[in-house]
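Worksheet for the structure shown next.
To find a chain, count down the sequence lines: A is the first, B the second, and so on, and within it residues start at 1. Because the structure is a prediction, the values reported are computed rather than measured.
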Amino acid sequence: MNKPDVSRELLAWYDRNARGLPWRESHDPYRVWVSEVMLQQTRVDTVIPYYHEWLAVFPDIHSLADANERQVMHLWEGLGYYSRARNMLKTAQLLVEQQAGCFPDLVVELKKLPGIGDYIAGALASIAFGQDEVALDGNGLRVLGRLVEFEQPVNEPAGKAAMRTLMQKMLPHGRAGDFNQAIMDLGATICLPRNPLCAQCPIREHCLAFEHASQAQFPQRTKKKPIPQYIVVAAVIRKGGCVLVDKRKANGLLGGLWEFPGGKQEEGENLQSALVREIKEELGVEIAVQESLGTYRHAYTHFKVVVTAFSAQILKGEPAALAADEIQWVEPDKLEQYPMGKVDRLIAHSLL
DNA sequence: CACTCGTGGGA
DNA sequence: TTCCCAAGAGT
């Protein structure tokens, strides 16, 4: 493979076929940053409406820095990986306080900011600041992995590092940002994970996987572990016209979002007694469980859950931390204002 | 390093 | 249904 030829032909293809995406209308570092964070492990079609709404509410880094966590989480609800949103708020506040709201332009400095790692640092440096830096993502691993029939597993650090070195050698001087995005567009529209459209590929004549019809074998990945399934119960505890919701701890699953209290069923326990136990442990009150409100199945990254929601009421005691900003009685039609994960949102909607 | 962190779409 | 996986980063 002749690397300069591949890069030149790929750029020529990109000049004619670049996708017209909202975040490509300017190279404003703030906008590039917002798009890259949202696009992390998330599809373009999913991101577009969130991107527009975000920019309408937070048009620049100063407006974001002035926001509170609830505003940010509300805009992010449904996108997943919620630590991304909290880290964006942290970075915005940090840059406004310490750098007059300006992003640093060096990769090493960018990577010090919360939520900015190898990929986004390279994307900002190359796309927003015009530097010759690599931005290697899942598309790049697939495109380049096939191009050279890369034998190491690309989901391991050593394999990624070697791919980064390869991509660095291919960077066209002065157009790294376009090159990085060209690789992504090629991976997203032609060099697809399954059934790639090689007949339309501008660099197929350089591609070893195309030559050997081995596209399905690259890139190599090590196997994933099978995921467990948990049985979970949640309580819709009523008092007057209100229901009780609590805020999840900042880190971990659905961190910082609100939920209906509950937890996992233990071995040899029925659903109702599991719920009574969980509420006793979590809130320090005793409840009477009434009827089931429905069952919800959901798959997270490393496990699945089957959630059953029950209506309930308090028999004895008061929820402990009610004074804190961690637990509240809320009228059902106002639950919309409380950012939640998918399952809790479905439960909330069932109450209306 | 291995593991964790959401959601939705497509085969 | 089940599985993979999509512009990764933090711990």
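- A/Y119 has its OH atom 15 Å from the P atom of C/dG10, to the nearest Å.
- For the residue pair A/H212 and A/Q217, no side-chain donor N or O sits within less than 3.5 Å of a side-chain acceptor on the partner.
- In terms of heavy-atom proximity, A/Y82 sits nearest to A/L254 at CE1-CD2, 3.7 Å.
- Look at A/D185 and A/R24 and you find a salt bridge, because one of the NZ, NE, NH1 or NH2 atoms lies within 4.0 Å of a carboxylate O, short of that distance.
- Evaluation of atom-type donor-acceptor distances gives no pair under 3.5 Å for the side chain of A/R142 against the base of C/dA6.
- When the side-chain nitrogen and oxygen atoms of A/Y81 are compared with OP1 and OP2 of C/dG10, none of them lie within a distance under 4.0 Å.
- Nucleic acid contact class of A/S83 (heavy atoms, under 4.0 Å, all strands): none.
- Classified by interplanar angle (parallel below 30°, tilted 30° to 60°, perpendicular above 60°), the ring pair A/F303/A/Y300 is parallel.
- Using a 4.0 Å heavy-atom cutoff across all strands shown, A/L21 reaches at least one base atom of the nucleic acid.
- Contact check, A/H298 against B/dT7: a side-chain N or O comes under 4.0 Å of OP1 or OP2.
- You'll find a donor-acceptor pair under 3.5 Å spanning the side chain of A/T42 and the base of B/dG6, going by distance alone.
- The shortest distance between the side-chain N/O atoms of A/K224 and the OP1/OP2 oxygens of C/dC4 is not below 4.0 Å.
- The residue A/W23 sits close to a base: some heavy atom pair falls under 4.0 Å.
- As judged by a 4.0 angstrom heavy-atom cut-off over every strand, A/G78 is placed among residues touching the sugar-phosphate backbone only.
- Nucleotides C/dA7 and B/dC5 place their P atoms 22 Å apart, quoted to the nearest Å.
- Contact annotation: A/Q40 side-chain N/O to C/dA7 OP1/OP2 distance is not under 4.0 Å.
- Contact annotation for A/G252: backbone-only contact, meaning every heavy-atom pair under 4.0 Å involves sugar-phosphate atoms and none involves a base.
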